Amino acid sequence: MRLKLVAVAVAALAPVVAMLVYNEVALRHQRNEEVRASAAQAARQASSEVERIIEGLHALLVSVAAMPSVQQIDVPACNEALKAVVESIPNIRTIFVVGLDGRPVCGSMAFPEGVIFSDRDYFQQILTTKAFVVGTYTQSRLVDRPVLPLAMPLMEGDAMKAVIVSGIRLDWLQNRVTERGVAPGNAVTIADGNGTIVAHVPSPERFVGTVIPDAFQRLIHADQPDVIDVISPDGTERILGYRPIALPSSPLYVSAGFAKEEAFAPINRATTMNALAIIGGALFAFLAAIFIGNRFILLPISRIADVMEKWRSGQTTARTGMKGSDELDVVGATFDRLLDELDERRRQNQEAEEERSLLVRELAHRVKNGFTLVQAIARQTFSRSDPERYNSFAERLAALAGTYDLILSREGSASPVREIVSAALRAHVSSQAERIRLDGPEVVLPADIALPLSLVVHELATNATKYGSLGSENGTVTIEWKRDDGRVLLVWTEAGGPPVSTPTKKGFGSVLIERAFPSKAQARSRSDYKPGGLVFEVIFLIGEPVAKAEVDPLGRDT
């Protein structure tokens with residue numbers, strides 16, 4: 001009982017816990033969506049910043065290409081002009097013009113002897129596309145520092161006569177990303193088309209110049225931006241928003257990752273506090289339930305239980321003597337009145353039992369009269385016009401009436417298989433009982449299974465008399481049954497009769513056999529028309545074992 005009281009306390013706390021759990025799940029889902037939206041927004045902002053930088057430098061190169069000294073490739077004037085441009089722009093280290101053979105022509109600084117740029121990927125790409133190109137992470141041959149090359153063609157009409165090259169200082173780009181600020185645990189990554197990281201926050205010294213792991217390479221050239229859950233190379237679980245290079249005007253891959261631990265830290269703290277509060281409330285509720293239960297529930301219940309045990313042992317004068325307005329006191333007083341009334345109830349039950357027995361006998365009498373009336377109507381209706389059909393109908397009706405007699409004699413509860421089969425065969429065994437053998441254990445069937453089984457057996461006997469073994473002098477029928485795990489298998493075997501063959505169409509009897517049993521019996525049947533005689537099998541479900549009444553040979557209750 002104490003466990004039940006604790007269970008009551010648990011049940012009382014369950015709605016509160018369920019509400020807290022629901023709020024926790026809803027809050028985490030909402031926070032997750034907020035973080036995902038923030039990650040996507042951060043990636044968009046970083047990507048937009050990169051695009052503005054690239055577009056600004058593109059515009060710068062366009063302006064440089066329009067300078068007369070550059071257009072005419074006046075080397076001294078070109079050198080001076082480009083040097084002046086570089087001194088006023090902090091995010092680039094140099095601007096220079098390269099001939100189509102890859103050799104430098106003029107620039108903002110002196111060129112090392114023998115330097116050539118024809119092997120650079122961006123140079124090969126601009127020769128093919130004749131359009132503005134953003135290169136990949138490159139170690140500059142002029143300043144020996146990593147840069148992100150930018151190049152555009154210098155055109156003369158439709159022909160390209162040279163290439164203007166510059167490069168974004170990666171230390172400057174890293175400072176720009178760092179200045180934007182990143183919350184603890186979060187990360188921003190900028191990478192080129194090869195997946196080489198050109199800027200990273202935090203720990204740029206660890207990641208810049210390295211290649212994004214293979215697991216994330218697919219994101220660089222994805223079709224659309226997206227937000228995913230990842231475990232970053234530094235081991236942090238993050239929600240990552242990314243912008244692939246495939247987007248218009250997006251020459252670099254940009255991603256922004258938000259650390260889940262930091263993002264969900266306030267919720268985790270609130271969850272811990274709620275869990276501690278629930279545990280404390282549960283302990284208080286359990287202690288209160290045990291104390292109150294002992295005082296106001298367990299003691300009164302024990303008192304009532306003691307009286308019940310005494311009454312069962314024969315002390316019919318035992319009473320609780322409980323009085324008062326408390327619910328258990330009311331139960332005790334009611335129990336005392338119940339004990340006072342038991343003798344009266346017992347007497348009333350005996351009278352009711354006698355009346356029920358009388359009603360059952362009356363019902364049996366009326367059922368028999370009903371069968372007699374139906375038989376009389378059938379005889380008057382078609383006994384002369386179709387005697388054969390009338391005799392078949394009368395035999396079926398007699399078998400059904402016999403089964404009802406059997407069931408009503410047991411007051412509708414159950415009937416043994418042997419008695420059901422014997423009743424169904426009564427019209428066929430009067431003069432040839434020795435030709436029919438019954439073999440099987442004592443199995444008691446409920447009334448709704450006994451009736452269809454009686455009809456099936458009667459139909460089989462009728463067919464055996466007309467076409468099978470019972471229609472010949474030496475023919476026999478063996479009916480065997482057995483029970484296994486709530487199912488009954490009954491086998492009807494004919495022998496010694498005329499040769500039989502499979503019928504070409506189903507008659508009424510065949511349909512009756514197939515559909516007689518109710519659906520809950522899950523009955524299945526099979527007919528095997530062997531040359532020596534029909535073998536019919538039916539298996540049906542009777543459920544749990546049914547307690548059977550003891551019956552004397554005359555069918556009277558004992």
Side-chain angles (χ1 to χ4, degrees), residues 13 16-50 170 173-192 195-222 224-245 247 250 252-282:
L13 289 173
V16 178
V17 175
M19 182 179 65
L20 291 175
V21 170
Y22 173 80
N23 290 337
E24 177 77 11
V25 172
L27 189 61
R28 286 182 177 275
H29 176 74
Q30 180 181 358
R31 180 57 179 162
N32 185 68
E33 293 301 318
E34 291 174 355
V35 174
R36 292 175 70 88
S38 298
Q41 178 65 21
R44 283 195 298 269
Q45 291 176 349
S47 179
S48 178
E49 179 75 12
V50 170
L170 294 189
L173 180 62
Q174 179 65 48
N175 291 336
R176 288 296 300 268
V177 176
T178 304
E179 289 171 358
R180 293 179 73 253
V182 177
N186 297 349
V188 174
T189 302
I190 301 175
D192 61 23
T196 303
I197 298 175
V198 298
H200 188 279
V201 176
S203 305
E205 68 283 354
R206 176 182 173 186
F207 294 101
V208 172
T210 63
V211 179
I212 291 177
D214 294 340
F216 304 106
Q217 284 287 333
R218 58 184 178 82
L219 306 181
I220 298 174
H221 299 284
Q224 295 293 333
D226 200 358
V227 180
I228 59 175
D229 293 354
V230 301
I231 298 179
S232 298
D234 60 2
T236 304
E237 187 176 1
R238 289 189 172 96
I239 295 176
L240 184 74
Y242 65 90
R243 307 278 295 179
I245 293 179
L247 296 178
S250 180
L252 296 176
Y253 165 81
V254 179
S255 68
F258 283 48
K260 282 190 173 182
E261 182 177 357
E262 297 294 333
F264 286 90
I267 297 178
N268 292 334
R269 287 193 294 269
T271 300
T272 301
M273 295 301 297
N274 290 337
L276 292 175
I278 291 173
I279 293 172

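Because the structure is a prediction, the values reported are computed rather than measured.
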Can you tell me how far [atom2] of [Y] sits from [atom1] of [X], rounded to the nearest 0.5 angstrom?
| X | Y | atom1 | atom2 | result |
| --- | --- | --- | --- | --- |
| Y242 | I228 | OH | CD1 | 5.5 Å |
| E262 | R238 | CD | CZ | 10.0 Å |
| L170 | H200 | CG | NE2 | 14.5 Å |
| T271 | R28 | OG1 | CZ | 4.5 Å |
| Q30 | E33 | CD | CD | 9.5 Å |
| E34 | H29 | CD | NE2 | 10.5 Å |

Nearest heavy atoms of [X] and [Y], plus distance in Å:
| X | Y | result |
| --- | --- | --- |
| V211 | T196 | CG2-OG1, 4.0 Å |
| G241 | A43 | O-CB, 3.4 Å |
| V201 | V177 | CG2-CG1, 3.5 Å |
| Q217 | I212 | NE2-O, 2.8 Å |
| A46 | V254 | CB-CG1, 3.5 Å |

Under 3.5 Å: donor-acceptor pair, side chain of [X], backbone of [Y]:
| X | Y | answer |
| --- | --- | --- |
| N186 | A259 | yes |
| R31 | F264 | no |
| T178 | Q174 | yes |

Looking at L219, D229, V227, which one forms a side chain to side chain contact (heavy atoms under 4.5 Å, CB included) with L240?
->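 Answer to the side chain to side chain contact (heavy atoms under 4.5 Å, CB included) test with L240 among L219, D229, V227: L219.
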Min side-chain heavy-atom separation D192-L252 under 4.5 Å |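 D192 reaches L252 side chain to side chain.
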pair T189-F207: side-chain heavy atoms closer than 4.5 Å = no
Could you give me the CA-CA distance, side-chain angles and deciding distance for E261 and E237, then say whether side chain to side chain contact (heavy atoms under 4.5 Å, CB included) is met?
-> CA-CA 8 Å; E261 182 177 357; E237 187 176 1; over 6 Å; no
Considering residues at least two apart in sequence or located in another chain, which fulfil the side-chain contact (heavy atoms from CB on, under 4.5 Å) criterion with S38?
-> F258
Test N23 against N274 for side chain to side chain contact (heavy atoms under 4.5 Å, CB included), laying out the working first.
-> CA-CA 11 Å; N23 290 337; N274 290 337; over 6 Å; no
